[in-house]
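What follows is a single structure, written as structure tokens, with notes after it.
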2 protein chains.
Amino acid sequence: MNTPDIPMAGLSIAAVERDTGLAKDTLRVWERRYGFPAPARDGRGERVYPAEQVDKLRLIRRLIDQGMRPARLIDLDPDALTRMLEELGGAPASAASEHGARLESLLELVRLHQPEALRDGLQQLLMKMGLQPFVIDIVAPLCTRIGEAWLRGYVDVPAEHLYTEQVKGILRTAIGVRSTAARGRPAVLLTTFPEEQHALGLLMVEAMLTPEGTCCVSLGVQTPLDDICSAAAAGHYDIVAVSFSSAYPLRHAIDGLRSLRANLPPTVELWAGGAGLRTAGRKLPGIQVFTSLEGIPAAVNEWRKAAGIQP
Amino acid sequence: MNTPDIPMAGLSIAAVERDTGLAKDTLRVWERRYGFPAPARDGRGERVYPAEQVDKLRLIRRLIDQGMRPARLIDLDPDALTRMLEELGGAPASAASEHGARLESLLELVRLHQPEALRDGLQQLLMKMGLQPFVIDIVAPLCTRIGEAWLRGYVDVPAEHLYTEQVKGILRTAIGVRSTAARGRPAVLLTTFPEEQHALGLLMVEAMLTPEGTCCVSLGVQTPLDDICSAAAAGHYDIVAVSFSSAYPLRHAIDGLRSLRANLPPTVELWAGGAGLRTAGRKLPGIQVFTSLEGIPAAVNEWRKAAGIQP
DNA sequence: CGCATCATTTTGTCCTGGACAATGTGTTAT
DNA sequence: ATAACACATTGTCCAGGACAAAATGATGCG
């Protein structure tokens, strides 16, 4: 009934699904179409995946997340796949920027799993810079750097998680301190669509909004569309803000935003942003699209001017 | 290719799998054998589950988690199922308990979407009670209450999200204040398995551990198994702690924990807990299973005694 | 009466192979 | 260069059969 993974010879299809994130159906259909993976079979005729094949599947999955397609990848050997991942990392990003060196040293702390030093370092920068510049110049670029480094295999998953958790802790603390009894306008409802899991992006937005004196309420990630509507109407919010990570399918974002705009009371503004909307600039009438965090404070002032409200 | 959840008429089989934790195969085989669920079909012949059936599936799943078996449940109507849950839950939860009235009033704040009042109320209780009792007597029971209320349709999804977010903020702030430069022993690595998304459970554990003076590092949710191993080894942790929500398939939890135990250095203890493991007491040799949050401080002392370390 | 052993039912997961729509890619016409 | 179209790729769904693990019930024994 269940599949004990004890026979170290290989993994069951359920275990591979768990480890690679590829659905059982997908694993079977790849085998049928491409001849890979080619698992052995146990006495019952059930698939038994050797570890090397699972490793290769993991590499392929990463490349697919980057936009590659399975047919081009499936016949390559692991070395070639690894090389592709490294190249794809691409942009040397920061070295030039003002905080470049700082970012590099933080990245090293992440890579070497130093939670305390990382937190102390971040905390210190936050104190020195203030919340908004900290988010714009440190947290956001570091997210990008770590994402690239992860693609290249330079940092591993736990390191990335570690960073995310430490930053979440720090941002929440900073927001918590500032927002006690905030009751300003605009009142902003903040969340993501159901398939979107990137909580950190949401938190960065909240960190940009709170110091502006807005009344910012986050529902966290993955709120169903119609629930966003009902919550917005029930809570008398001025603005609904939705965040999309780069992994979010652009098509879904656009469809969802249009449908949301249609169902939302016209008096409620709809703001959307995040790496997932980079290219979707003007296709969204009636919706304010942000391509970077910097624009948020100005947009708040804009709203206040239009509404005739002084901060 | 993928299934956008936009048509509000009903849910796809994949969406129901997500919402109920019942595998697609299980949903199909129940339909074949018992005649329930009996989803409609769309133009392509694909299953479309009405909301009421999904609600009933959720009830059934909860009862199965309690040890019941599907055949006895599947023909009962939702009211009967709800009654069974209430009886089986044993503890009449609120009315009798010391904090019953308090919980009820907080539940009302959640239901009516009052983020500020909710936060103030929680914050006040935290100050008064201290972190650990606050988690045990307020946060955890309120989670259960809200879960039940949500099943009954008494609170909606945004309300639940609102509660989760407010509590996350408060707990993180409390933990952040206490944990600056904590370097005690045991050093605990905290995370969940890849399919598990319940961040709040993790945070409650962290809130129980931090005041004990442990060095508690959270990787957040959804860390792949082998990454947990490598992180545990690299970071010189004493304990790896994994949390499971009630929605997590018990079999997956057991498989995963066994495999984790086998691959972890023997000197590293493995702790597991959460509603998802209620029934899985003794099947896990070499793993410490927690059925409630209360046991955590004692277990930490236990560990220190065994290791010959004074707090 | 408690407890171990065995037979029977229940139940979840895996299998095969077919189908199809959403998405991506390449080509041609404006 | 952009738009419109045809063609290829790809993930998810479906049906219905099979089987072993777990739960349940029956039986015998100390």
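Predicted model only: the values in this text are computed from it and were never measured. Convention: sequence-line order gives letters A, B, ...; per-chain numbering from 1.
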Worksheet item: With sequence neighbours left out, what residues match B:C143 under side-chain contact (heavy atoms from CB on, under 4.5 Å)?
Response: B:V139, B:Y163, B:L200, B:M204

Taking N or O atoms only and anything under 3.5 Å, show me the protein contacts with nucleotides 15-19 of chain D, one pair per line.
| residue | atom | partner | partner atom | Å |
| --- | --- | --- | --- | --- |
| D:dA15 | OP1 | B:R41 | NH1 | 3.3 |
| D:dA15 | OP1 | B:R41 | NH2 | 3.2 |
| D:dA15 | OP2 | B:R47 | NH1 | 3.1 |
| D:dA15 | OP2 | B:R47 | NH2 | 2.5 |
| D:dG16 | N7 | B:R32 | NH2 | 3.0 |
| D:dG17 | N7 | B:R32 | NH1 | 3.0 |
| D:dG17 | O6 | B:R32 | NH2 | 3.3 |

Donor-acceptor pairs are to be reported for all side-chain atoms of residues 29-36 of chain A against protein atoms at under 3.5 Å, with residues two or more places apart or in another chain.
| residue | atom | partner | partner atom | Å |
| --- | --- | --- | --- | --- |
| A:E31 | OE1 | A:R47 | NE | 2.6 |
| A:E31 | OE2 | A:R41 | NH2 | 3.4 |

Discussion item. Restricting to side-chain contact (heavy atoms from CB on, under 4.5 Å), what partner residues turn up for A:A232, sequence neighbours left out?
Written reply: A:L189, A:V240, A:L264

Item to complete: Considering just the side-chain nitrogens and oxygens of A:T26, establish if one lies under 4.0 Å of OP1 or OP2 belonging to D:dT12.
Response: yes

Using a cutoff of under 3.5 Å, can you pull out all pairs of nitrogen or oxygen atoms linking the protein to nucleotides 5-8 of chain D, with atom names and distances?
none

Practice prompt. Output yes when at least one side-chain N/O atom of A:K24 is less than 4.0 Å from OP1 or OP2 of C:dT13, else no.
Written response: no

Worksheet entry | A:D156: salt bridge (charged side-chain N to carboxylate O under 4.0 Å, His left out) partners, not counting sequence neighbours | none

Worksheet item: So what is the end-to-end bend of the helix from C:dC1-D:dG30 to C:dT30-D:dA1, with 5 pairs used at each end and the value given to 10 degrees?
Response: 30°

Worksheet entry | Contact under 4.0 Å: B:S12 side-chain N or O vs D:dT12 OP1/OP2 | no

Discussion item. It should be established whether A:Y34 places a side-chain nitrogen or oxygen under 4.0 Å from OP1 or OP2 of nucleotide D:dT10.
Written reply: yes

Worksheet entry | 4.5 Å side-chain heavy-atom contact, B:T192 and B:F244 | no

Side-chain polar contacts of residues 20-27 of chain B - donor-acceptor pairs under 3.5 angstrom, sequence neighbours left out - could you list them?
| residue | atom | partner | partner atom | Å |
| --- | --- | --- | --- | --- |
| B:T20 | OG1 | B:V16 | O | 2.8 |
| B:T20 | OG1 | B:L22 | N | 3.1 |
| B:K24 | NZ | B:E17 | OE1 | 2.9 |

Practice prompt. Check salt bridge (charged side-chain N to carboxylate O under 4.0 Å, His left out) between A:R261 and all other residues, then give those that pass, not counting sequence neighbours.
Written response: none

Worksheet item: Excluding sequence neighbours, so at least two apart, what forms side-chain hydrogen bond (donor to acceptor under 3.5 Å, both in side chains) with A:K56?
Response: none

Worksheet item: Within this structure, what is the CZ-to-P distance between A:F36 and D:dT10, rounded to whole angstrom?
Response: 15 Å

Item to complete: Applying salt bridge (charged side-chain N to carboxylate O under 4.0 Å, His left out), name anything that partners A:D42, two or more places apart in sequence or on another chain.
Response: none

Worksheet item: How would you list, by chain and number, every residue that makes a side-chain contact (heavy atoms from CB on, under 4.5 Å) with B:A38, sequence neighbours excluded?
Response: B:Q53

